[in-house]
Each structure stands twice: as C-alpha cells, then as structure tokens.
Amino acid sequence: MKKALVCTFLTMATFTWTSGAAAHADSRNSIRDGVICLYEHDNYKGGQACFGSHAWDLSWTGGEDGVGRNWNGTNRAVENGASSVKNNSRYWVFLYDGRNYKGTFYKAKPYSSDADLTKNSGNPSFDNRTSSLAFKGI
Ligand SMILES: [Ca+2]
Ligand SMILES: [Ca+2]
C-alpha cells in the first residue's frame with residue numbers, strides 16, 4: 001500500500017512538470033479553431049495572445065489562453081503591440097485602434113492571416129495599434 005502511494009505521487013509530479021511545456025508548444029504550432037491570435041512581431045513571432053468569441057478590450061485581463069492584458073507568459077502588454085494576426089475562425093473580426101471598440105478599425109477576414117499589419121490593401125496600416133477587438137455576426 002505504501003509503495004503504491006509513492007508511485008502515484010511520482011507519476012503526478014512528472015505529469016505536472018511535462019504538461020506545461022507540451023501545452024505551450026501546442027498553442028504555438030496549431031491554433032484552435034474559432035479563435036483569433038495576435039502576435040507581438042511580424043511573421044507571427046514574439047508573444048502570442050488568442051481570443052475566442054464575442055469581444056475583448058485589451059485593457060482588461062482574461063482571454064482565451066488566460067491572458068488578455070499581456071502576451072502569453074510575459075508581462076508585456078498586448079495593447080498597441082500586435083504586428084501580425086491569424087484569424088482561425090469563420091467570423092470577421094474587427095481590430096480597433098481605440099479601447100471599447102472605437103476609432104479606426106482593421107477587418108480580418110474569416111480564416112485569414114496577415115504577417116505584417118503595417119502594409120495592407122483595403123485596410124489601414126495597423127501595426128501596434130490594436131486596443132480592442134470584436135467578432136462580427138455571432
Ligand atoms: Ca509589435
Ligand atoms: Ca490603440
């Protein structure tokens with residue numbers, strides 16, 4: 001009985017230690033369907049922050065990956081920092097320059113990506129401007 005308990009403890013400890021790293025790698029390589037992910041730098045580099053349905057003001061805390069105010073696993077603010085984007089949802093997602101869904105906005109097509117928010121056709125230059133975002137038609 002005593003031996004079994006020790007075994008269980010070791011198994012749990014190992015699982016806890018490895019699962020964090022595995023989850024991080026997964027979120028980087030394959031984005032879950034239905035979310036939009038913002039990236040700190042061009043070409044989907046730097047910090048990542050993903051958001052599910054409805055609307056998010058980036059001055060709030062809380063987001064799809066338990067972030068929102070900061071890039072995943074960092075203390076660097078997402079607001080006014082996004083330089084590339086992947087929209088892995090079937091909805092249009094509007095990125096707003098202002099908080100509370102105000103000001104100039106950028107329209108991200110369903111299932112689209114943009115490796116450089118600076119240069120766009122049909123959208124304003126939007127590097128380091130996003131302060132809130134909203135899914136449309138939900
Ligand atoms: Ca940036
Ligand atoms: Ca802004």
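In listed order, ligands and their atoms are each counted from 1.
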Using only N, O or S atoms, tell me which atom of Glu40 is closest to the Ca ion (ligand 1).
->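 It is O of Glu40.
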Does Gly81 bring an N, O or S atom to within less than 3.0 Å of the Ca ion (ligand 1)?
->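 Short answer: yes, at least one N, O or S atom is under the cut-off.
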Check whether any N, O or S atom of Tyr39 sits under 3.0 Å from the Ca ion (ligand 1).
->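 No - counting backbone and side chain alike, Tyr39 has no N, O or S atom under 3.0 Å.
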Glu79 and Thr130: side chain to side chain contact (heavy atoms under 4.5 Å, CB included), yes or no, with the steps?
-> CA-CA 6 Å; Glu79 188 180 8; Thr130 306; over 6 Å; no
For the atoms OG of Ser131 and O of Arg129, give the angle they form at the Ca ion (ligand 2), rounded to 10 degrees.
->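 Nearest ten degrees: 90°.
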OD1 (Asn128) to the Ca ion (ligand 1) to OG (Ser83): angle, nearest 10 degrees?
->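 Rounding to the nearest 10 degrees gives 90°.
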Decide whether a cation-pi geometry holds between Lys102 and Tyr96; the criteria are a distance under 6.0 Å from NZ or CZ to the six-membered ring centre and an angle within 45° of the ring axis.
->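 Ring-cation test returns no.
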Is the charged tip of Lys86 near the ring of Tyr44: under 6.0 Å from the six-membered ring centre and within 45° of its axis?
-> yes
Using a cut-off of strictly less than 3.0 Å, determine whether Asp97 has an N/O/S atom near the Ca ion (ligand 2).
->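 Here the distance criterion (N, O or S atom, under 3.0 Å) is met by Asp97, so yes.
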Got an N, O or S from Asn80 under 3.0 Å of the Ca ion (ligand 2)?
->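 A backbone or side-chain N, O or S atom of Asn80 is under 3.0 Å from the Ca ion (ligand 2).
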Is Asn88 reaching over with its side chain to a backbone N or O of Ile31, donor-acceptor style, under 3.5 angstrom?
-> yes
Does one side chain, of Asn80 or Ser131, offer a donor that lies under 3.5 Å from an acceptor on the other?
->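 Yes - a donor-acceptor pair under 3.5 Å links their side chains.
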Going through the distances and angles, do Asp42 and Ser84 end up as a side chain to side chain donor-acceptor pair (under 3.5 Å)?
-> CA-CA 5 Å; Asp42 289 347; Ser84 53; 5.5 Å; no
